[in-house]
Number of protein chains: 2
Amino acid sequence: MGKDEIDLTEKQILRRGEILDSATKLFLNESYGRTTMDNVLTLVGGSKRTLYKYFPNKEALFTAIIEQVSDRVLSAFTPLPREGTFREALIDMGARYLQVMTSAECISLYRAMVAEAPHFPDLADNFLQNGPCRASQHLAEYLRSHAKNNRLRITDPDLCAAQFMGAVRGNVHFHAVFNGRVPTKKETRMISETAVETLLNGWRK
Amino acid sequence: MGKDEIDLTEKQILRRGEILDSATKLFLNESYGRTTMDNVLTLVGGSKRTLYKYFPNKEALFTAIIEQVSDRVLSAFTPLPREGTFREALIDMGARYLQVMTSAECISLYRAMVAEAPHFPDLADNFLQNGPCRASQHLAEYLRSHAKNNRLRITDPDLCAAQFMGAVRGNVHFHAVFNGRVPTKKETRMISETAVETLLNGWRK
DNA sequence: TTCATATGGTACGATTTCGTATCCTTCAAC
DNA sequence: GTTGAAGGATACGAAATCGTACCATATGAA
């Protein structure tokens with residue numbers, strides 16, 4: 001478990017954080033395989049001794065990086081207090097979802113996770129659960145509690161939520177991943193609006 | 001362009017194909033970085049001389065592999081002669097799309113392309129265009145020609161098609177990529193059916 | 001001041017890996 | 001049969017890379 005990392009000076013925590021942040025840039029811009037420990041070192045400065053003190057090997061460093069970035073990026077998928085009409089809430093959720101999913105940091109994270117999923121299955125599963133799945137679960141919960149009031153015929157909220165998120169993604173996420181073409185904030189909103197228009201109408205009784 | 005690969009014996013073509021097929025398994029099961037030329041060699045047998053004769057370096061071998069696999073896998077996205085009702089045609093297209101996208105070979109290809117997109121942008125673009133984009137373009141064409149007859153309010157067929165494909169994918173594709181959980185043929189059909197149910201209803205005037 | 005600990009700088013060993021070169025066999029054409 | 005090209009087995013060079021070892025310095029506490 002937590003070997004002996006219990007006692008870390010304030011300074012050491014900072015140093016560890018510096019290393020982690022610098023290494024993050026490398027591991028997310030290049031791939032795991034193309035990033036070398038020496039490469040990390042020349043960017044962060046310092047000696048191998050300290051690097052290997054805080055992160056016993058390359059895999060541990062990568063794991064720490066992914067966990068930190070996942071926490072930071074995917075925290076955007078926490079539910080916000082909803083205001084406005086039902087339709088506006090859906091539009092917001094869709095736009096926010098797409099905005100996060102196509103952000104540069106999330107695309108880099110996604111790339112790393114897809115590439116390394118077979119070798120870091122726990123990290124991949126965490127990304128899936130705390131990322132896309134959690135986002136659509138929140139939407140499902142929202143649908144569950146608002147379906148009746150809005151006279152919607154939703155038998156399977158989870159499936160409907162996933163389909164909505166998928167409709168919002170469309171091919172936009174693919175373009176971001178393969179082409180680096182990310183939508184502007186206005187575009188994401190427009191995309192979400194059209195998706196809501198169609199699906200909301202489709203769910204009507 | 002085509003240096004001097006003009007004259008290849010029947011036998012040589014076969015040999016080249018054998019190498020290509022064996023190497024494909026390695027490059028798609030493991031990643032580009034984790035696959036070594038020696039590893040290819042021990043699987044395919046033979047000598048380095050022949051390997052490097054047909055493929056001058058690792059990148060060339062990888063490129064040839066991806067091109068071949070892309071051709072084979074993405075050819076499933078060619079349009080089929082439609083029969084049955086409009087609704088049934090949509091269900092078929094959705095189910096077929098999801099079936100291909102979550103097939104083991106396509107997932108492996110997807111993983112490789114996502115991982116290597118920054119280093120092989122042409123291959124990535126080819127995958128995007130001949131894969132997901134082509135599939136939704138066919139659907140868009142179909143929508144364009146059948147929207148009026150079915151009294152659908154579709155102002156942007158391309159966007160609608162992409163949204164439909166996205167809705168069909170839902171989170172299923174993510175699960176396949178990160179968890180290896182692929183849907184059965186029955187499940188894909190059911191998923192497509194519910195998507196068609198909702199979107200078709202949503203497009204109605 | 002003194003001493004232990006953390007850190008920087010760097011050398012190093014072991015291993016891997018790409019691609020080339022070498023030597024010998026096989027096989028097909030003439 | 002002879003000959004020449006293709007192919008197999010393998011050695012090899014060069015470079016990269018992971019992780020360790022060693023020594024000097026700085027820092028902070030007793």
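In what follows, every chain begins at residue 1, and chains take the letters A, B, ... in the order their sequences are listed.
Smallest separation of non-hydrogen atoms from N130(B) and F77(B): O-CD1, 4.0 Å. The two residues H138(A) and P79(A) have their closest heavy-atom pair at CE1-CD, 3.3 Å. For S192(A) against L90(A), the heavy-atom pair with the smallest separation is OG-O, 4.0 Å.
Checked against a 6.0 Å centroid threshold, the rings of H146(A) and Y142(A) count as neighbours. A distance of 6.0 Å or more separates the ring centres of F55(B) and F62(B).
Note that K58(B) lies outside the cation-pi zone of Y52(B), set by a 6.0 Å cut-off to the ring centre and a 45° limit from the axis.
A donor-acceptor contact closer than 3.5 angstrom is absent between the side chains of E30(B) and T35(B). In the model, S75(A) has no side-chain atom that pairs as donor or acceptor with a side-chain atom of T78(A) under 3.5 Å.
Distance alone, capped at 3.5 Å, places no donor-acceptor pair between the R16(B) side chain and the K11(B) backbone.
Y54(A) comes within contact range of the sugar-phosphate backbone alone, with a heavy-atom separation under 4.0 Å but no base atom that close.
Using a 4.5 Å heavy-atom cutoff, the side chains of L61(B) and M37(B) are in contact.
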How would nucleotides 15-22 of chain D be written as a contact map, 5' to 3', with B for base contact, S for sugar-phosphate-only contact and - for no contact, using protein heavy atoms under 4.0 Å?
--SBBB-B

Sugar-phosphate means primed atoms, P, OP1 and OP2; the rest is base. With that split, encode nucleotides 25-30 of chain D 5' to 3' as B, S or - using protein heavy atoms under 4.0 Å.
---S--

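The footprint of chain A on DNA chain C, defined by a heavy-atom cutoff below 4.0 Å, extends from dA6(C) to dT10(C).
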